[in-house]
Amino acid sequence: MSGGLLVAGTTSDAGKSVVTAGICRWLVRQGVKVAPFKAQNMSLNSFVTTEGAEIGRAQAMQAQACRVEPTALMNPVLLKPGGEQSSQVVLLGKPVGEMSARGYHGGRQQKLLGTVLDCLAELRGTYDAVICEGAGSPAEINLRRTDIVNMGIARGARLPVLVVGDIDRGGVFASFFGTVALLSPEDQELVAGFLVNKFRGDVSLLEPGLEMLHGLTGRRTYGVLPFRHGLGIDEEDGLRVSLRGTVRESNTAPPVGEDVLRVAVCAVPLMSNFTDVDALAAEPGVVVRFVDRPEELADADLVVIPGTRGTVRALEWLRERGLAEAILRRVAEQRPVLGVCGGFQILGEHIEDDVESRRGQVRGLGVLPVRVRFAREKTLTRPVGEALGERVEGYEIHHGVADVTGGEPFLSDGRGNSLDGCRVGQTWGTHWHGSLESDGFRRAFLREVAAAAGRRFVPAADTSFAGLREEQLDRLGDLIEQHADTDALWRLIESGAPQGLPFIPPGAPA
(Lines give C-alpha, C1' and ligand atoms only; values in the text may rest on other atoms or scores of the structure.)
Protein backbone atom coordinates (compact mmCIF):
# COMPACT_ATOMS: atom_id res chain seq x y z
CA MET A 1 0.00 0.00 0.00
CA SER A 2 1.28 3.45 -0.90
CA GLY A 3 -1.32 6.14 -0.78
CA GLY A 4 -2.75 9.23 0.80
CA LEU A 5 -5.87 11.18 1.62
CA LEU A 6 -6.75 14.79 2.41
CA VAL A 7 -9.38 15.27 5.11
CA ALA A 8 -11.00 18.63 4.41
CA GLY A 9 -13.94 20.26 6.16
CA THR A 10 -16.94 22.38 5.34
CA THR A 11 -15.87 24.79 8.11
CA SER A 12 -13.26 25.25 10.79
CA ASP A 13 -13.89 22.94 13.74
CA ALA A 14 -15.88 20.48 11.63
CA GLY A 15 -13.83 17.66 13.11
CA LYS A 16 -10.94 17.36 10.65
CA SER A 17 -8.30 16.85 13.36
CA VAL A 18 -10.11 14.08 15.20
CA VAL A 19 -11.26 12.35 11.99
CA THR A 20 -7.68 12.40 10.72
CA ALA A 21 -6.50 10.92 14.02
CA GLY A 22 -9.25 8.30 13.87
CA ILE A 23 -8.32 7.21 10.36
CA CYS A 24 -4.66 7.07 11.41
CA ARG A 25 -5.44 4.88 14.42
CA TRP A 26 -7.71 2.60 12.35
CA LEU A 27 -4.98 2.16 9.73
CA VAL A 28 -2.18 1.46 12.19
CA ARG A 29 -4.35 -1.22 13.81
CA GLN A 30 -4.53 -2.86 10.36
CA GLY A 31 -0.74 -3.02 10.24
CA VAL A 32 -0.33 -0.01 7.95
CA LYS A 33 2.70 2.23 8.52
CA VAL A 34 0.98 5.62 8.50
CA ALA A 35 1.87 9.26 9.20
CA PRO A 36 -0.17 12.48 9.61
CA PHE A 37 0.46 15.69 7.69
CA LYS A 38 -0.84 19.25 7.78
CA ALA A 39 0.90 21.61 5.42
CA GLN A 40 -0.08 24.75 7.30
CA ASN A 41 -1.57 25.05 10.75
CA MET A 42 -2.74 28.17 12.58
CA SER A 43 -2.66 27.41 16.28
CA LEU A 44 -1.36 28.60 19.62
CA ASN A 45 -1.33 25.01 20.88
CA SER A 46 2.05 23.66 19.83
CA PHE A 47 4.50 20.92 20.74
CA VAL A 48 8.25 20.31 20.55
CA THR A 49 9.58 17.26 18.71
CA THR A 50 12.62 15.30 19.84
CA GLU A 51 14.79 17.18 17.31
CA GLY A 52 13.70 20.52 18.81
CA ALA A 53 11.14 21.55 16.19
CA GLU A 54 7.86 23.29 16.99
CA ILE A 55 4.70 21.87 15.39
CA GLY A 56 0.98 22.00 16.10
CA ARG A 57 -0.21 19.86 19.00
CA ALA A 58 -2.92 18.39 16.77
CA GLN A 59 -0.25 16.86 14.54
CA ALA A 60 1.65 15.58 17.57
CA MET A 61 -1.58 13.94 18.74
CA GLN A 62 -2.12 12.45 15.28
CA ALA A 63 1.43 11.09 15.30
CA GLN A 64 0.60 9.40 18.59
CA ALA A 65 -2.47 7.93 16.88
CA CYS A 66 -0.04 6.53 14.28
CA ARG A 67 2.28 5.30 17.07
CA VAL A 68 5.21 7.22 15.58
CA GLU A 69 7.37 10.10 16.82
CA PRO A 70 6.20 13.49 15.49
CA THR A 71 8.59 15.41 13.24
CA ALA A 72 8.68 18.83 11.60
CA LEU A 73 7.82 17.17 8.27
CA MET A 74 4.31 16.52 9.58
CA ASN A 75 3.55 20.24 9.99
CA PRO A 76 6.05 22.26 7.92
CA VAL A 77 4.27 25.62 8.37
CA LEU A 78 2.87 26.74 11.72
CA LEU A 79 1.30 30.18 12.14
CA LYS A 80 1.10 31.47 15.72
CA PRO A 81 -1.25 34.47 15.94
CA GLY A 82 0.05 37.52 17.75
CA GLY A 83 -3.12 39.54 17.18
CA GLU A 84 -5.91 40.01 14.67
CA GLN A 85 -3.56 40.96 11.83
CA SER A 86 -0.23 39.20 12.28
CA SER A 87 1.32 35.84 13.12
CA GLN A 88 4.71 34.38 13.84
CA VAL A 89 5.66 32.10 10.96
CA VAL A 90 7.31 28.84 12.04
CA LEU A 91 8.91 27.02 9.11
CA LEU A 92 10.09 23.43 9.54
CA GLY A 93 9.92 23.87 13.29
CA LYS A 94 11.82 27.17 13.62
CA PRO A 95 10.46 30.75 13.76
CA VAL A 96 11.38 32.82 10.71
CA GLY A 97 9.65 36.09 11.59
CA GLU A 98 6.38 37.94 12.05
CA MET A 99 4.12 38.59 9.09
CA SER A 100 0.80 40.29 8.47
CA ALA A 101 -2.04 38.29 6.98
CA ARG A 102 -1.87 40.44 3.84
CA GLY A 103 1.86 39.92 3.49
CA TYR A 104 1.58 36.17 4.00
CA HIS A 105 -1.28 35.62 1.56
CA GLY A 106 0.17 38.23 -0.78
CA GLY A 107 3.12 36.09 -1.82
CA ARG A 108 4.95 34.29 0.95
CA GLN A 109 2.40 31.49 1.28
CA GLN A 110 2.48 30.46 -2.37
CA LYS A 111 6.29 30.35 -2.33
CA LEU A 112 6.05 27.71 0.40
CA LEU A 113 4.08 25.29 -1.78
CA GLY A 114 7.25 23.62 -3.02
CA THR A 115 8.51 23.18 0.54
CA VAL A 116 5.33 21.56 1.80
CA LEU A 117 5.08 19.29 -1.24
CA ASP A 118 8.68 18.19 -0.65
CA CYS A 119 7.86 17.38 2.99
CA LEU A 120 4.80 15.41 1.94
CA ALA A 121 6.79 13.53 -0.70
CA GLU A 122 9.43 12.61 1.88
CA LEU A 123 6.77 11.25 4.22
CA ARG A 124 5.12 9.31 1.39
CA GLY A 125 8.48 7.79 0.55
CA THR A 126 8.83 6.57 4.13
CA TYR A 127 5.31 5.49 5.07
CA ASP A 128 2.70 3.25 3.46
CA ALA A 129 0.08 5.98 3.74
CA VAL A 130 -0.07 9.65 4.73
CA ILE A 131 -3.35 11.10 6.02
CA CYS A 132 -3.38 14.85 5.48
CA GLU A 133 -5.55 17.40 7.24
CA GLY A 134 -6.82 20.53 5.55
CA ALA A 135 -7.58 23.88 7.19
CA GLY A 136 -10.84 25.80 7.38
CA SER A 137 -12.73 25.07 4.18
CA PRO A 138 -11.33 24.14 0.74
CA ALA A 139 -13.87 26.55 -0.77
CA GLU A 140 -12.28 29.76 0.56
CA ILE A 141 -12.46 31.25 -2.93
CA ASN A 142 -10.69 34.46 -1.89
CA LEU A 143 -7.61 32.44 -0.86
CA ARG A 144 -7.57 29.67 -3.47
CA ARG A 145 -4.84 31.24 -5.62
CA THR A 146 -2.29 31.01 -2.81
CA ASP A 147 -3.65 27.91 -1.04
CA ILE A 148 -1.08 25.36 0.14
CA VAL A 149 -3.11 23.41 2.69
CA ASN A 150 -6.37 22.36 1.00
CA MET A 151 -6.87 21.96 -2.75
CA GLY A 152 -3.42 23.39 -3.44
CA ILE A 153 -1.77 20.42 -1.73
CA ALA A 154 -4.40 18.00 -3.08
CA ARG A 155 -3.73 19.14 -6.66
CA GLY A 156 0.02 19.21 -6.17
CA ALA A 157 0.15 15.66 -4.76
CA ARG A 158 -2.93 14.23 -6.54
CA LEU A 159 -4.65 13.37 -3.25
CA PRO A 160 -8.28 12.27 -3.01
CA VAL A 161 -10.31 14.57 -0.77
CA LEU A 162 -12.84 13.59 1.88
CA VAL A 163 -15.00 16.50 3.09
CA VAL A 164 -16.11 16.37 6.75
CA GLY A 165 -19.25 18.21 7.88
CA ASP A 166 -20.46 18.86 11.43
CA ILE A 167 -24.17 18.01 11.32
CA ASP A 168 -24.58 19.15 14.93
CA ARG A 169 -24.30 22.73 13.67
CA GLY A 170 -27.04 22.25 11.06
CA GLY A 171 -26.97 22.93 7.33
CA VAL A 172 -24.65 20.07 6.54
CA PHE A 173 -26.22 19.19 3.16
CA ALA A 174 -26.01 22.77 1.92
CA SER A 175 -22.43 22.92 3.20
CA PHE A 176 -21.43 19.74 1.38
CA PHE A 177 -23.06 20.80 -1.90
CA GLY A 178 -21.79 24.36 -1.70
CA THR A 179 -18.24 23.27 -0.93
CA VAL A 180 -18.07 21.20 -4.13
CA ALA A 181 -19.95 23.73 -6.26
CA LEU A 182 -17.48 26.52 -5.40
CA LEU A 183 -14.46 24.55 -6.60
CA SER A 184 -12.94 24.62 -10.08
CA PRO A 185 -13.44 21.59 -12.36
CA GLU A 186 -9.84 20.51 -11.69
CA ASP A 187 -10.37 20.68 -7.92
CA GLN A 188 -13.74 18.95 -8.08
CA GLU A 189 -12.13 15.94 -9.78
CA LEU A 190 -10.35 15.17 -6.51
CA VAL A 191 -13.32 15.54 -4.14
CA ALA A 192 -14.34 11.91 -3.68
CA GLY A 193 -17.14 12.33 -1.17
CA PHE A 194 -18.30 13.23 2.31
CA LEU A 195 -18.20 12.17 5.95
CA VAL A 196 -20.91 13.29 8.38
CA ASN A 197 -19.62 14.08 11.87
CA LYS A 198 -21.39 14.45 15.25
CA PHE A 199 -24.72 12.90 14.27
CA ARG A 200 -27.35 12.40 17.00
CA GLY A 201 -30.31 10.10 16.53
CA ASP A 202 -31.52 7.51 14.05
CA VAL A 203 -29.28 7.26 10.98
CA SER A 204 -32.16 5.90 8.89
CA LEU A 205 -33.75 9.37 9.06
CA LEU A 206 -30.63 10.82 7.47
CA GLU A 207 -30.35 8.32 4.63
CA PRO A 208 -32.85 9.99 2.22
CA GLY A 209 -30.79 13.17 2.42
CA LEU A 210 -27.57 11.27 1.75
CA GLU A 211 -29.17 9.64 -1.29
CA MET A 212 -30.31 13.02 -2.61
CA LEU A 213 -26.84 14.44 -1.99
CA HIS A 214 -25.37 11.57 -4.03
CA GLY A 215 -27.84 12.28 -6.82
CA LEU A 216 -26.99 15.98 -6.83
CA THR A 217 -23.21 15.65 -6.66
CA GLY A 218 -22.41 12.14 -7.90
CA ARG A 219 -20.40 11.66 -4.71
CA ARG A 220 -21.04 9.17 -1.95
CA THR A 221 -20.96 9.56 1.81
CA TYR A 222 -18.25 7.42 3.38
CA GLY A 223 -19.76 7.30 6.85
CA VAL A 224 -21.88 8.92 9.55
CA LEU A 225 -20.01 9.32 12.83
CA PRO A 226 -22.16 9.59 15.96
CA PHE A 227 -21.71 12.39 18.48
CA ARG A 228 -19.35 11.39 21.28
CA HIS A 229 -18.34 13.43 24.33
CA GLY A 230 -14.72 13.81 25.35
CA LEU A 231 -13.02 13.52 21.96
CA GLY A 232 -11.89 17.14 21.46
CA ILE A 233 -8.26 16.48 22.35
CA ASP A 234 -5.44 18.90 21.49
CA GLU A 235 -7.70 21.03 19.38
CA GLU A 236 -6.64 24.12 17.52
CA ASP A 237 -7.75 27.37 19.04
CA GLY A 238 -7.92 30.23 16.55
CA LEU A 239 -8.05 33.61 18.28
CA ARG A 240 -10.59 33.03 21.05
CA VAL A 241 -9.97 35.69 23.66
CA SER A 242 -12.09 34.17 26.39
CA LEU A 243 -13.33 30.71 27.26
CA ARG A 244 -15.16 31.92 30.36
CA GLY A 245 -17.47 29.28 31.76
CA THR A 246 -16.01 26.53 29.61
CA VAL A 247 -15.32 23.42 31.64
CA ARG A 248 -12.53 21.18 30.42
CA GLU A 249 -14.03 17.75 29.83
CA SER A 250 -13.25 15.83 32.97
CA ASN A 251 -13.07 12.28 34.18
CA THR A 252 -16.58 11.22 35.15
CA ALA A 253 -15.37 9.06 38.05
CA PRO A 254 -16.28 10.33 41.55
CA PRO A 255 -13.57 11.84 43.74
CA VAL A 256 -11.44 9.41 45.74
CA GLY A 257 -11.44 11.65 48.81
CA GLU A 258 -14.29 13.52 50.45
CA ASP A 259 -13.83 16.78 48.50
CA VAL A 260 -13.47 17.88 44.90
CA LEU A 261 -10.71 20.28 43.88
CA ARG A 262 -11.67 23.37 41.88
CA VAL A 263 -9.20 24.80 39.36
CA ALA A 264 -9.72 28.22 37.75
CA VAL A 265 -7.70 28.94 34.59
CA CYS A 266 -7.40 32.60 33.63
CA ALA A 267 -8.50 32.80 29.99
CA VAL A 268 -5.84 35.34 29.00
CA PRO A 269 -5.66 36.78 25.48
CA LEU A 270 -3.71 34.71 22.94
CA MET A 271 -3.75 31.81 25.39
CA SER A 272 -1.32 29.11 24.26
CA ASN A 273 -1.10 25.46 25.19
CA PHE A 274 -4.21 25.52 27.35
CA THR A 275 -4.03 21.74 26.88
CA ASP A 276 -1.63 21.86 29.87
CA VAL A 277 -4.67 21.65 32.16
CA ASP A 278 -6.09 18.53 30.46
CA ALA A 279 -4.03 16.37 32.79
CA LEU A 280 -5.68 18.08 35.77
CA ALA A 281 -9.14 17.56 34.26
CA ALA A 282 -8.32 13.86 33.83
CA GLU A 283 -8.10 13.41 37.60
CA PRO A 284 -11.29 12.15 39.31
CA GLY A 285 -12.63 14.92 41.51
CA VAL A 286 -10.83 17.81 39.76
CA VAL A 287 -13.05 20.40 38.05
CA VAL A 288 -11.28 22.74 35.63
CA ARG A 289 -12.98 25.93 34.48
CA PHE A 290 -11.78 28.87 32.35
CA VAL A 291 -12.57 32.25 33.90
CA ASP A 292 -12.21 35.95 33.14
CA ARG A 293 -13.76 37.63 36.21
CA PRO A 294 -12.14 38.16 39.62
CA GLU A 295 -15.16 36.82 41.51
CA GLU A 296 -14.69 33.49 39.75
CA LEU A 297 -11.41 33.00 41.62
CA ALA A 298 -13.07 33.18 45.04
CA ASP A 299 -13.93 29.48 45.42
CA ALA A 300 -10.98 28.15 43.40
CA ASP A 301 -8.53 25.88 45.20
CA LEU A 302 -5.91 26.48 42.50
CA VAL A 303 -5.58 29.36 40.05
CA VAL A 304 -3.60 28.73 36.86
CA ILE A 305 -2.17 31.51 34.71
CA PRO A 306 -1.46 29.67 31.45
CA GLY A 307 0.89 30.32 28.60
CA THR A 308 0.24 33.13 26.14
CA ARG A 309 1.64 34.42 22.88
CA GLY A 310 1.32 37.95 24.27
CA THR A 311 2.76 38.04 27.81
CA VAL A 312 2.63 41.84 28.24
CA ARG A 313 -0.83 42.04 26.72
CA ALA A 314 -2.06 39.26 29.04
CA LEU A 315 -0.56 41.06 32.05
CA GLU A 316 -2.41 44.26 31.14
CA TRP A 317 -5.62 42.27 30.63
CA LEU A 318 -5.33 40.75 34.11
CA ARG A 319 -4.93 44.22 35.59
CA GLU A 320 -7.77 45.75 33.56
CA ARG A 321 -10.22 43.06 34.66
CA GLY A 322 -9.27 43.09 38.33
CA LEU A 323 -7.88 39.56 38.11
CA ALA A 324 -4.35 40.71 38.96
CA GLU A 325 -5.57 42.20 42.24
CA ALA A 326 -7.51 39.01 43.04
CA ILE A 327 -4.40 36.91 42.36
CA LEU A 328 -2.29 39.12 44.63
CA ARG A 329 -4.87 38.68 47.42
CA ARG A 330 -4.65 34.91 46.96
CA VAL A 331 -0.88 35.01 47.20
CA ALA A 332 -1.04 37.07 50.40
CA GLU A 333 -3.45 34.50 51.85
CA GLN A 334 -1.11 31.64 50.89
CA ARG A 335 -3.66 30.15 48.48
CA PRO A 336 -2.22 28.13 45.55
CA VAL A 337 -1.33 29.81 42.25
CA LEU A 338 0.51 28.20 39.30
CA GLY A 339 2.00 30.14 36.39
CA VAL A 340 3.04 28.25 33.25
CA CYS A 341 5.38 29.80 30.65
CA GLY A 342 3.86 33.26 30.00
CA GLY A 343 1.98 32.91 33.29
CA PHE A 344 5.30 32.29 35.06
CA GLN A 345 6.74 35.43 33.46
CA ILE A 346 3.71 37.47 34.55
CA LEU A 347 4.26 36.46 38.18
CA GLY A 348 7.82 37.85 38.09
CA GLU A 349 9.18 41.25 39.08
CA HIS A 350 9.60 42.71 35.63
CA ILE A 351 9.63 41.80 31.94
CA GLU A 352 12.02 43.31 29.43
CA ASP A 353 10.40 42.76 26.05
CA ASP A 354 11.85 44.17 22.85
CA VAL A 355 10.76 41.10 20.85
CA GLU A 356 7.11 40.15 21.35
CA SER A 357 5.29 43.35 22.42
CA ARG A 358 8.33 45.65 21.98
CA ARG A 359 7.23 47.54 25.06
CA GLY A 360 10.60 47.54 26.77
CA GLN A 361 10.60 47.06 30.54
CA VAL A 362 7.21 46.32 32.08
CA ARG A 363 6.43 45.75 35.75
CA GLY A 364 5.19 42.23 36.55
CA LEU A 365 2.98 41.16 39.44
CA GLY A 366 6.07 40.89 41.65
CA VAL A 367 5.05 37.62 43.29
CA LEU A 368 8.10 35.58 42.31
CA PRO A 369 11.74 36.80 42.46
CA VAL A 370 12.18 36.48 38.70
CA ARG A 371 13.30 38.90 36.02
CA VAL A 372 12.49 38.04 32.43
CA ARG A 373 14.26 39.22 29.29
CA PHE A 374 12.88 38.31 25.87
CA ALA A 375 15.51 36.88 23.53
CA ARG A 376 15.14 36.79 19.76
CA GLU A 377 16.02 33.11 19.68
CA LYS A 378 13.20 30.85 20.82
CA THR A 379 13.89 28.13 23.38
CA LEU A 380 12.58 24.79 22.03
CA THR A 381 13.53 21.82 24.21
CA ARG A 382 12.18 18.60 25.74
CA PRO A 383 13.63 18.68 29.29
CA VAL A 384 13.49 16.02 31.99
CA GLY A 385 13.88 16.73 35.70
CA GLU A 386 12.45 16.21 39.15
CA ALA A 387 10.00 18.04 41.39
CA LEU A 388 8.41 17.11 44.71
CA GLY A 389 10.45 13.93 44.61
CA GLU A 390 8.94 12.77 41.31
CA ARG A 391 10.26 12.53 37.74
CA VAL A 392 8.93 15.24 35.43
CA GLU A 393 8.98 15.48 31.63
CA GLY A 394 7.97 18.59 29.75
CA TYR A 395 8.64 20.81 26.76
CA GLU A 396 9.63 24.46 26.47
CA ILE A 397 8.46 27.01 23.87
CA HIS A 398 9.35 30.57 24.81
CA HIS A 399 11.38 33.67 23.99
CA GLY A 400 11.54 34.80 27.61
CA VAL A 401 14.73 34.03 29.56
CA ALA A 402 14.16 33.94 33.32
CA ASP A 403 16.72 35.11 35.86
CA VAL A 404 15.59 33.58 39.16
CA THR A 405 17.08 35.47 42.13
CA GLY A 406 15.40 33.75 45.06
CA GLY A 407 12.72 31.38 46.29
CA GLU A 408 12.94 27.61 46.04
CA PRO A 409 13.75 25.81 42.78
CA PHE A 410 10.63 24.28 41.25
CA LEU A 411 12.25 21.77 38.89
CA SER A 412 15.70 20.33 39.53
CA ASP A 413 18.04 17.71 38.13
CA GLY A 414 17.60 15.49 41.18
CA ARG A 415 20.97 16.50 42.61
CA GLY A 416 19.86 19.83 44.00
CA ASN A 417 20.65 21.87 40.87
CA SER A 418 17.80 24.04 39.65
CA LEU A 419 16.63 23.41 36.08
CA ASP A 420 13.66 25.75 35.82
CA GLY A 421 11.07 27.71 37.67
CA CYS A 422 10.60 29.01 41.16
CA ARG A 423 8.40 28.54 44.21
CA VAL A 424 7.58 30.99 46.97
CA GLY A 425 5.05 29.76 49.53
CA GLN A 426 2.05 28.44 47.63
CA THR A 427 2.96 30.14 44.34
CA TRP A 428 4.73 28.13 41.66
CA GLY A 429 6.04 29.13 38.25
CA THR A 430 7.65 27.17 35.42
CA HIS A 431 8.38 27.46 31.71
CA TRP A 432 7.73 23.74 31.24
CA HIS A 433 4.55 22.83 29.38
CA GLY A 434 3.19 19.33 29.82
CA SER A 435 4.75 18.76 33.25
CA LEU A 436 1.38 17.82 34.76
CA GLU A 437 1.16 14.88 32.35
CA SER A 438 3.78 13.17 34.54
CA ASP A 439 1.48 11.14 36.77
CA GLY A 440 3.59 10.96 39.94
CA PHE A 441 4.39 14.66 39.90
CA ARG A 442 0.77 15.62 39.21
CA ARG A 443 -0.43 13.59 42.21
CA ALA A 444 2.25 15.09 44.48
CA PHE A 445 1.41 18.61 43.28
CA LEU A 446 -2.34 18.10 43.80
CA ARG A 447 -1.71 16.77 47.31
CA GLU A 448 0.16 20.00 48.14
CA VAL A 449 -2.61 22.11 46.61
CA ALA A 450 -5.31 20.23 48.53
CA ALA A 451 -3.41 20.62 51.83
CA ALA A 452 -2.92 24.35 51.28
CA ALA A 453 -6.58 24.77 50.27
CA GLY A 454 -7.83 22.77 53.24
CA ARG A 455 -9.59 20.26 51.00
CA ARG A 456 -9.94 16.58 51.81
CA PHE A 457 -9.08 15.71 48.24
CA VAL A 458 -7.10 12.59 47.40
CA PRO A 459 -5.63 12.06 43.90
CA ALA A 460 -6.42 8.67 42.39
CA ALA A 461 -3.50 6.28 42.65
CA ASP A 462 -4.04 4.72 39.22
CA THR A 463 -4.80 7.62 36.86
CA SER A 464 -2.53 7.38 33.84
CA PHE A 465 -2.76 10.40 31.57
CA ALA A 466 -0.91 8.58 28.78
CA GLY A 467 -3.27 5.64 29.20
CA LEU A 468 -6.32 7.90 28.99
CA ARG A 469 -4.94 9.51 25.86
CA GLU A 470 -4.47 6.07 24.28
CA GLU A 471 -8.05 5.18 25.19
CA GLN A 472 -9.30 8.36 23.49
CA LEU A 473 -7.31 7.60 20.34
CA ASP A 474 -8.66 4.06 20.31
CA ARG A 475 -12.18 5.46 20.60
CA LEU A 476 -11.49 7.59 17.53
CA GLY A 477 -10.24 4.52 15.68
CA ASP A 478 -13.37 2.63 16.78
CA LEU A 479 -15.59 5.40 15.37
CA ILE A 480 -13.99 5.02 11.95
CA GLU A 481 -14.00 1.23 12.06
CA GLN A 482 -17.62 0.97 13.21
CA HIS A 483 -19.31 3.87 11.42
CA ALA A 484 -17.37 4.47 8.20
CA ASP A 485 -17.20 2.34 5.08
CA THR A 486 -13.63 1.23 5.70
CA ASP A 487 -13.41 -0.87 2.52
CA ALA A 488 -14.28 2.19 0.46
CA LEU A 489 -11.90 4.35 2.50
CA TRP A 490 -9.12 1.84 1.91
CA ARG A 491 -9.71 1.96 -1.87
CA LEU A 492 -9.75 5.76 -1.74
CA ILE A 493 -6.43 5.96 0.11
CA GLU A 494 -4.81 3.35 -2.11
CA SER A 495 -6.18 4.27 -5.55
CA GLY A 496 -7.23 7.91 -5.37
CA ALA A 497 -10.50 9.62 -6.24
CA PRO A 498 -12.95 7.72 -8.47
CA GLN A 499 -12.78 8.55 -12.16
CA GLY A 500 -15.58 10.40 -13.91
CA LEU A 501 -16.91 12.42 -10.99
CA PRO A 502 -19.38 14.99 -12.38
CA PHE A 503 -18.75 18.73 -12.40
CA ILE A 504 -21.18 20.69 -10.18
CA PRO A 505 -21.81 24.22 -11.44
CA PRO A 506 -21.12 27.07 -11.08
CA GLY A 507 -17.55 26.16 -10.05
CA ALA A 508 -14.96 28.61 -8.80
CA PRO A 509 -15.48 32.17 -10.05
CA ALA A 510 -13.07 33.28 -12.71
Applying side-chain contact (heavy atoms from CB on, under 4.5 Å) to V291 and R321, what does each step give before you reach the verdict?
CA-CA 11 Å; V291 305; R321 289 182 170 258; over 6 Å; no

Between V372 and F344, is a side-chain contact (heavy atoms from CB on, under 4.5 Å) present by the stated rule, with each step listed?
CA-CA 10 Å; V372 176; F344 170 39; over 6 Å; no

Can R371 and D403 be said to form a salt bridge (Lys or Arg N to Asp or Glu O under 4.0 Å), step by step?
CA-CA 5 Å; R371 297 171 182 175; D403 178 19; 5.5 Å; no

V34 and D128: side-chain contact (heavy atoms from CB on, under 4.5 Å), yes or no, with the steps?
CA-CA 6 Å; V34 60; D128 300 327; over 6 Å; no

Should E352 and R373 be marked as a salt bridge (Lys or Arg N to Asp or Glu O under 4.0 Å) after you check the CA-CA gap, both sets of side-chain angles, and the distance that decides it?
CA-CA 5 Å; E352 187 179 333; R373 177 185 56 81; 6.0 Å; no

For H483 and F199, run side-chain contact (heavy atoms from CB on, under 4.5 Å): C-alpha distance rounded to whole Å, both residues' side-chain angles, the deciding distance at 0.1 Å, then the answer.
CA-CA 11 Å; H483 300 282; F199 180 73; over 6 Å; no

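Between atom CD of residue Q59 and atom NZ of residue K38 there is a gap of 6.0 Å, rounded to the nearest 0.5 Å. One finds the CG atom of L338 at 8.0 Å from the CG atom of L280 (value rounded to the nearest 0.5 Å). Remark: L270 CG to E356 CD distance equals 8.5 Å, nearest 0.5 Å. Atom CD1 of I397 and atom CD of E54 lie 4.5 Å apart (nearest 0.5 Å). The CG atom of D276 sits 10.5 Å away from the CZ atom of F274 when rounded to the nearest 0.5 Å. In this structure, CG on L79 lies 10.5 Å from CG on L44, to the nearest 0.5 angstrom.
With sequence neighbours excluded, the residues that form a salt bridge (charged side-chain N to carboxylate O under 4.0 Å, His left out) with E448 are R423. The side-chain hydrogen bond (donor to acceptor under 3.5 Å, both in side chains) search around T381 returns E396, not counting sequence neighbours. Remark: Q334 pairs with Q426 by the side-chain contact (heavy atoms from CB on, under 4.5 Å) rule, at least two apart or across chains. The side-chain hydrogen bond (donor to acceptor under 3.5 Å, both in side chains) search around E51 returns T49, not counting sequence neighbours. For R456, the side-chain contact (heavy atoms from CB on, under 4.5 Å) partners two or more places apart in sequence, or in a different chain, are E258, D259.
Side-chain contact check for V260 versus R262: some heavy-atom pair is nearer than 4.5 Å. Put simply, the side chain of H398 reaches to within 4.5 Å of the side chain of Q345, judged on heavy atoms. Looking at heavy atoms from C-beta onward, D420 lies out of side-chain contact with P383 at the 4.5 angstrom threshold. Contact check for R169 versus D13: side-chain heavy atoms found under the 4.5 Å cut-off. Counting heavy atoms from C-beta outward, S418 and S412 have side chains that stay 4.5 Å or more apart. With contacts defined as side-chain heavy-atom distances shorter than 4.5 Å, the pair L446/R443 does not qualify. The side-chain heavy atoms of V367 and L328, taken from C-beta on, include a pair separated by under 4.5 Å. With a 4.5 Å cut-off on side-chain heavy atoms, V256 and P459 do not count as touching.
The shortest heavy-atom contact between S12 and G136 is OG-CA, 3.5 Å. S86 and E98 get closest at one heavy-atom pair: OG-OE1, 4.2 Å. For the pair A65 and V28, the tightest heavy-atom approach, listed with the atom from each and the gap, is O-CG1, 3.5 Å. Of all the heavy atoms in P269 and R313, the pair that sits closest is CB-NE, 3.7 Å. Residues A60 and F47 approach most closely at CB-CD2, 3.6 Å, considering heavy atoms. Of all heavy-atom pairs spanning D439 and T463, the tightest one is CG-O, 3.4 Å.
A donor-acceptor pair under 3.5 Å is absent between the side-chain atoms of K198 and the main chain of G165, judged by distance alone. Distance alone, capped at 3.5 Å, places no donor-acceptor pair between the D354 side chain and the F374 backbone. In this structure a side-chain-to-backbone donor-acceptor pair under 3.5 Å is missing from D168 to G170. At least one donor-acceptor pair closer than 3.5 Å links the side chain of H399 to the backbone N or O of A375. Without hydrogens or angle criteria, D301 side chain to V449 main chain gives no donor-acceptor distance under 3.5 Å. Checked by atom type and distance alone, the side chain of S438 pairs as donor or acceptor with a backbone atom of E393 at under 3.5 Å. Within the 3.5 Å criterion, the main-chain N or O of V355 finds a donor-acceptor partner in the side chain of D353.
No hydrogens or angles considered: a donor-acceptor pair under 3.5 Å links the side chains of K378 and Q88. Between E481 and T486, the side chains place no donor N or O within less than 3.5 Å of an acceptor N or O (distance only, hydrogens not considered).
Within a 6.0 Å radius of CD in E377, other residues, nucleotides and ligands contribute 12 heavy atoms or fewer. Residue R363 qualifies as open at atom CZ: its count of foreign heavy atoms under 6.0 Å is 12 or below. Around the CZ atom of R359, the shell of radius 6.0 Å holds no more than 12 heavy atoms that belong to other residues, nucleotides or ligands.
For W432 and F410, the gap between ring centers reaches or exceeds 6.0 Å.
Judged as a salt bridge (Lys or Arg N to Asp or Glu O under 4.0 Å), the pairs with a partner in residues 322-341 (not counting sequence neighbours) are, in order, E325-R329, E333-R335.
Considering E470, Q62, Q64 in turn, E470 is the only one that fulfils the side chain to side chain donor-acceptor pair (under 3.5 Å) rule with R25.
Using a 4.0 Å cut-off between charged nitrogen and carboxylate oxygen, R289 and E296 do not count as a salt-bridge pair.
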